[in-house]
Amino acid sequence: QVQLVESGGGLVQAGGSLRLSCAASGATFSMYVMGWFRQTPGKEREFVGGISWRGDMTYYADSVRGRFSISRENAKNTMYLQMNSLKPEDTAVYYCAVRNSMVFTRSPASYAYWGQGTQVTVSS
(Lines give C-alpha, C1' and ligand atoms only; values in the text may rest on other atoms or scores of the structure.)
Protein backbone atom coordinates (compact mmCIF):
# COMPACT_ATOMS: atom_id res chain seq x y z
CA GLN A 1 0.00 0.00 0.00
CA VAL A 2 1.37 3.38 -1.01
CA GLN A 3 1.93 5.82 1.82
CA LEU A 4 3.23 9.38 1.90
CA VAL A 5 4.04 10.91 5.26
CA GLU A 6 4.86 14.59 5.67
CA SER A 7 6.77 15.95 8.64
CA GLY A 8 8.46 19.15 9.72
CA GLY A 9 5.52 21.50 10.00
CA GLY A 10 5.01 23.79 12.96
CA LEU A 11 4.75 27.35 14.21
CA VAL A 12 7.34 29.88 13.12
CA GLN A 13 7.65 33.65 13.16
CA ALA A 14 7.56 35.66 9.97
CA GLY A 15 10.97 35.65 8.33
CA GLY A 16 11.81 32.25 9.75
CA SER A 17 12.43 28.92 8.06
CA LEU A 18 11.05 25.41 8.09
CA ARG A 19 11.99 22.25 6.24
CA LEU A 20 9.28 19.79 5.33
CA SER A 21 9.97 16.17 4.48
CA CYS A 22 7.85 13.69 2.58
CA ALA A 23 8.70 10.03 3.03
CA ALA A 24 7.20 7.57 0.57
CA SER A 25 6.70 3.86 1.13
CA GLY A 26 4.94 0.99 -0.55
CA ALA A 27 6.36 1.74 -3.96
CA THR A 28 9.37 3.23 -5.65
CA PHE A 29 8.74 6.74 -6.88
CA SER A 30 12.10 7.46 -8.39
CA MET A 31 10.60 7.59 -11.89
CA TYR A 32 7.72 9.92 -10.99
CA VAL A 33 7.11 13.64 -10.63
CA MET A 34 6.53 14.76 -7.05
CA GLY A 35 4.96 17.95 -5.81
CA TRP A 36 4.01 20.08 -2.84
CA PHE A 37 0.62 21.69 -2.45
CA ARG A 38 -1.05 23.71 0.26
CA GLN A 39 -4.56 24.46 1.37
CA THR A 40 -6.30 26.86 3.72
CA PRO A 41 -9.90 26.57 4.96
CA GLY A 42 -12.44 27.49 2.32
CA LYS A 43 -9.91 27.57 -0.49
CA GLU A 44 -8.89 25.12 -3.14
CA ARG A 45 -5.65 23.20 -2.86
CA GLU A 46 -2.95 25.16 -4.63
CA PHE A 47 0.33 24.22 -6.23
CA VAL A 48 3.48 25.23 -4.36
CA GLY A 49 6.27 23.45 -6.19
CA GLY A 50 7.24 20.33 -8.09
CA ILE A 51 10.31 18.34 -9.01
CA SER A 52 11.15 16.07 -11.91
CA TRP A 53 11.89 12.41 -11.37
CA ARG A 54 15.60 13.00 -11.70
CA GLY A 55 15.50 16.03 -9.49
CA ASP A 56 17.16 18.14 -12.14
CA MET A 57 14.17 20.35 -12.81
CA THR A 58 12.08 22.23 -10.28
CA TYR A 59 8.95 24.30 -10.64
CA TYR A 60 7.50 26.89 -8.28
CA ALA A 61 4.43 28.99 -7.80
CA ASP A 62 5.15 32.68 -8.27
CA SER A 63 4.23 33.32 -4.65
CA VAL A 64 7.07 31.16 -3.31
CA ARG A 65 9.73 31.38 -6.01
CA GLY A 66 13.03 32.57 -4.54
CA ARG A 67 11.98 31.65 -1.01
CA PHE A 68 11.18 27.93 -1.24
CA SER A 69 13.36 25.15 -2.58
CA ILE A 70 12.45 21.56 -3.45
CA SER A 71 14.81 18.61 -3.52
CA ARG A 72 14.55 14.84 -3.48
CA GLU A 73 16.61 11.80 -2.59
CA ASN A 74 15.37 8.92 -4.70
CA ALA A 75 17.52 6.41 -2.84
CA LYS A 76 15.53 7.30 0.27
CA ASN A 77 12.17 7.80 -1.48
CA THR A 78 12.07 11.20 0.18
CA MET A 79 11.29 14.74 -0.99
CA TYR A 80 11.96 17.98 0.85
CA LEU A 81 10.63 21.51 0.87
CA GLN A 82 12.95 24.13 2.33
CA MET A 83 10.93 27.22 3.18
CA ASN A 84 12.76 30.44 3.93
CA SER A 85 11.60 34.01 4.57
CA LEU A 86 8.21 32.70 5.58
CA LYS A 87 5.24 35.04 5.53
CA PRO A 88 1.91 34.86 7.39
CA GLU A 89 0.23 34.17 4.04
CA ASP A 90 2.22 30.94 3.80
CA THR A 91 0.12 29.57 6.66
CA ALA A 92 -1.63 26.43 5.41
CA VAL A 93 -1.72 22.66 5.54
CA TYR A 94 1.03 21.43 3.25
CA TYR A 95 0.64 18.21 1.30
CA CYS A 96 3.09 16.18 -0.71
CA ALA A 97 1.91 14.24 -3.71
CA VAL A 98 3.17 11.86 -6.35
CA ARG A 99 2.09 11.82 -9.96
CA ASN A 100 2.45 8.40 -11.59
CA SER A 101 4.02 9.96 -14.64
CA MET A 102 7.30 11.53 -15.66
CA VAL A 103 5.46 14.53 -17.10
CA PHE A 104 5.12 17.53 -14.82
CA THR A 105 1.82 19.29 -14.19
CA ARG A 106 0.61 21.83 -11.63
CA SER A 107 -2.89 20.40 -11.43
CA PRO A 108 -3.67 18.65 -8.13
CA ALA A 109 -6.16 16.43 -9.94
CA SER A 110 -3.28 14.87 -11.86
CA TYR A 111 -1.54 13.53 -8.76
CA ALA A 112 -2.41 10.00 -7.72
CA TYR A 113 -1.03 9.73 -4.20
CA TRP A 114 -1.26 12.18 -1.32
CA GLY A 115 0.04 12.50 2.21
CA GLN A 116 -2.11 13.44 5.17
CA GLY A 117 -0.72 16.97 5.36
CA THR A 118 1.29 18.93 7.89
CA GLN A 119 0.29 22.28 9.37
CA VAL A 120 2.53 25.28 8.84
CA THR A 121 1.65 28.40 10.80
CA VAL A 122 3.55 31.65 10.35
CA SER A 123 2.92 34.33 12.95
CA SER A 124 3.35 38.02 12.23
Any residue meeting ring pair (Phe, Tyr, Trp, His ring centres under 6.0 Å) with W114, in chain and number order, not counting sequence neighbours: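 With neighbours one apart ignored, the set is F37.
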Which pairs, with at least one residue in residues 31-93 and sequence neighbours excluded, count as a disulfide (SG to SG under 2.5 Å)?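 As it turns out, there is no disulfide (SG to SG under 2.5 Å) pair with a partner in residues 31-93 once direct neighbours are skipped.
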Any donor-acceptor pair under 3.5 Å from T121 side chain to L11 backbone: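 Pair absent, no side-chain N/O of T121 close to backbone of L11.
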Quick one: list whatever passes side-chain contact (heavy atoms from CB on, under 4.5 Å) with [X], sequence neighbours left out.
{"X": "V5", "value": "Q116"}
{"X": "V120", "value": "L18, L20, M83, Y94, V122"}
{"X": "S107", "value": "T105, A109, S110"}
{"X": "V93", "value": "Y95, Q119"}

With hydrophobic residues grouped by side-chain heavy-atom distances under 4.5 Å, do Y32 and V2 end up in a single group?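 Y32 clusters together with V2.
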Does one hydrophobic cluster hold both Y59 and W53, with members joined at side-chain heavy-atom distances below 4.5 Å?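 No.
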Just jot down the side chain to side chain donor-acceptor pair (under 3.5 Å) partners of [X], sequence neighbours excluded, or say none.
{"X": "Y80", "answer": "E73"}
{"X": "N74", "answer": "R72"}
{"X": "Y111", "answer": "none"}
{"X": "S101", "answer": "R99"}

Determine whether V98 and L4 satisfy the following criterion, side chain to side chain contact (heavy atoms under 4.5 Å, CB included), listing intermediate values before the conclusion. CA-CA 9 Å; V98 174; L4 300 177; 3.9 Å; yes
Using the rule given for side chain to side chain contact (heavy atoms under 4.5 Å, CB included), can you reason through I70 versus M79, listing the C-alpha separation, both sets of side-chain angles and the distance that settles it, and then say yes or no? CA-CA 7 Å; I70 294 176; M79 177 178 64; 4.2 Å; yes
I need the single residue from E89, E46, E44 that forms a salt bridge (charged side-chain N to carboxylate O under 4.0 Å, His left out) with R38. Which is it?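 Among E89, E46, E44, the one that satisfies the salt bridge (charged side-chain N to carboxylate O under 4.0 Å, His left out) with R38 is E46.
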Summary of side chain to side chain donor-acceptor pair (under 3.5 Å) pairs that have at least one residue in residues 12-26, sequence neighbours excluded: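 For residues 12-26: S17-N84.
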Side-chain heavy-atom pair W36, E6 within 4.5 angstrom cut-off: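 When only atoms from C-beta onward are counted, E6 and W36 do touch, with a gap below 4.5 Å.
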Apply the test side chain to side chain contact (heavy atoms under 4.5 Å, CB included) to residues M34 and C22: give CA-CA distance (whole Å), side-chain angles for both, the deciding distance (0.1 Å), then the verdict. CA-CA 10 Å; M34 297 183 75; C22 172; 4.3 Å; yes
D90/K87 salt bridge by N-O under 4.0 Å criterion: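 Here K87 does not pair with D90 in a salt bridge, since their nearest N and O are not under 4.0 Å apart.
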Among all residues two or more places apart in sequence or in another chain, which pass the salt bridge (charged side-chain N to carboxylate O under 4.0 Å, His left out) test with D56?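 Checked D56 against salt bridge (charged side-chain N to carboxylate O under 4.0 Å, His left out); zero matches.
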